Amino acid sequence: VRDRITNIRIAMFLELSTAVGAMFGAAVLSRHVNGPLLTLLFGLTLILSLLPIIATLGEELPKGVRNDPLANYLKLNSSYYDHRLKRVVEYQVTGIPQSFAVMGLAGVISGLLGIGAGVVKVLVHEIFMKVPTKVSSATSNFMIGVTAASAAGVYLRRGQVLPFVVVPVATSVLLGAFLGTRLMERMSNSHIRKVFAGALAVMGLQMLVRGIQGLL
Amino acid sequence: VTGSKTQRERGDRDIHVISSWVLRTGVVSSVAVMLLGLVLAFARGAPTVEQMEHSGFSADFPAIFRGAAALEGVALIELGILMLVLTPVLRVASSMVIFATEERDWLYAGLTAVVLALTLVSLVVLR
């Protein structure tokens, strides 16, 4: 984080709608919604969102981003030092209203399913805001912690968290995250986007299959 | 009135330094506490798979603190889980303090305060 890749203002601004969405999803909707159908829809959304990612797969940095007046007011435009490009990358942020709305939906989904929040967040940063890939993944990393903390209370109180399962999961996630952070600094944005597209395809297919299995 | 540009740059740098420190310290110490709990739980006779599958987190906080102080394995693991959940909340809280005190950026101090309040409410109230 010493290269200041995370955009703390984007994170805080979007977390407003995400948190409200997550609370609504976990506390209200989870009592009324058909799980498998939702999983199926979510899988479809992930697969469809592969299209804009694939269209810009070879791009190192987003091009021709128009400066959103709201982004100026909210001071969202920023810069970071890219270890791979060996220079400071200045970037603009666009599509603020759409991002805010879709992030609320992302919150509802993560509150309902307890998964996938990070993937949707990266998608919103990439597709609507058009920020560089490293910024989008670092910023969503900050956000998923906050969203997960909101949802955690519900699951902890319901006694649905198994302490003996948490220990190995948390330990390996910690090790993976340390490795990933170091790798990310040194990889190019376009390589990271390819890894992300792969993860998106696997997750999307997995959820499609799980949704169909649940409906049958 | 919001602060000057240099005030904002200095504040942003401090937010990054402090929030990455909170993240690293919080995550590493909570995993350390969990692993200690796991070792102690197994040292006092290995729990069966059946027990591990059915012992859910008990949201009785005084009991967790008492158990952890007595070095009970499961209570230590539960304490570690609590520390892990609170880590991002602490990051939001420290950002809010810097937005308000160093940057005098009331828009973001307020925005961050709302996020913090929402997170705390859903952490404490929702079920």
Side-chain angles (χ1 to χ4, degrees), chain A residues 1-9 11-20 22-24 26-28 73-75 78 80 107 111 141-175 177-178 181, chain B residues 2 8 12-13 15-17 19-21 23-24 27-28 30-31 34-35 37-38 41 47 49 51-59 73-78 80-82 84-89 91-92 95-96 99 105 107-108 111-112 114-116 118-127:
Chain A
V1 188
R2 76 185 152 263
D3 309 302
R4 285 185 256 168
I5 302 179
T6 306
N7 189 320
I8 205 89
R9 286 186 167 77
M12 289 304 174
F13 172 66
L14 291 182
E15 195 59 43
L16 269 185
S17 68
T18 315
V20 173
M23 290 167 74
F24 183 66
V28 183
Y73 177 70
L74 293 165
K75 289 163 281 189
S78 186
Y80 75 99
N141 261 338
F142 184 94
M143 293 183 66
I144 52 176
V146 183
T147 314
S150 316
V154 174
Y155 297 113
L156 287 177
R157 250 186 304 276
R158 288 181 186 166
Q160 288 171 340
V161 175
L162 301 176
F164 284 103
V165 178
V166 174
V167 184
V169 173
T171 310
S172 58
V173 168
L174 173 65
L175 296 176
F178 269 119
T181 313
Chain B
T2 55
R8 182 182 146 194
D12 280 9
R13 192 193 55 217
I15 288 177
H16 278 102
V17 171
S19 106
S20 71
W21 182 84
L23 177 66
R24 227 170 300 147
V27 173
V28 170
S30 59
V31 169
M34 282 185 213
L35 286 174
L38 191 69
V49 175
Q51 282 169 331
M52 287 193 262
E53 276 175 348
H54 291 97
S55 72
F57 183 95
S58 69
V74 177
L76 276 171
I77 297 176
E78 289 172 335
I81 294 174
L82 278 184
L84 197 61
V85 169
L86 285 177
T87 299
V89 181
R91 290 178 94 188
V92 175
S95 310
M96 180 189 70
F99 277 133
D105 185 336
L107 172 66
Y108 272 91
L111 221 140
T112 312
V114 174
V115 171
L116 183 65
L118 286 174
T119 312
L120 285 176
V121 164
S122 56
L123 204 53
V124 177
V125 179
L126 290 191
R127 55 190 65 232

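Throughout, a chain's letter reflects where its sequence line sits, starting with A, and its residues are numbered from 1. What you are looking at is a predicted structure, and each value in this text was computed from that prediction instead of being measured.
- Taken to the nearest 0.5 Å, the CD1 atom of Ile81(B) stands 8.0 Å off from the CG atom of Leu84(B).
- Side chains of Phe13(A) and Lys75(A) form no contact here, defined as non-hydrogen atoms less than 4.5 Å apart.
- Qualifying ring-ring contact (aromatic ring centres under 6.0 Å, His included) partners for Phe99(B), counting only residues two or more places apart in sequence or in other chains: Tyr108(B).
- No other option in Pro168(A), Ala19(A), Ala170(A) has as many heavy-atom pairs under 4.5 Å with chain B as Ala170(A).
- Contact of Val89(B) with chain A is made through the side chain alone, with heavy-atom distances under 4.5 Å.
- Listed by chain and number, the residues in a side-chain contact (heavy atoms from CB on, under 4.5 Å) with Val114(B) are Leu16(A), Leu118(B) (sequence neighbours excluded).
- With a threshold of 4.5 angstrom between heavy atoms, Leu111(B) approaches chain A through its backbone and through its side chain.
- Contacts of Phe178(A) with chain B are made by side-chain atoms alone, with heavy-atom separations under 4.5 Å and no backbone atom involved.
- Listed options Val31(B), Leu82(B), Thr87(B) were ranked by heavy-atom pairs under 4.5 angstrom with chain A; first place goes to Val31(B).
- Looking at Ile77(B), the atoms closer than 4.5 Å to chain A (heavy atoms on both sides) all sit in the side chain, from C-beta outward.
- For Ala148(A), no part sits under 4.5 Å from any heavy atom of chain B, backbone or side chain.
- Counting only heavy atoms from C-beta outward, the side chains of Thr119(B) and Val92(B) never approach each other to under 4.5 Å.
- For a residue to count as touching a neighbouring chain, one of its non-hydrogen atoms must lie under 4.5 Å from one of that chain's; by this rule Val85(B) touches chain A with backbone and side chain alike.
- Side-chain contact between Asn7(A) and Phe142(A): absent, with no pair of heavy atoms (C-beta onward) separated by less than 4.5 Å.
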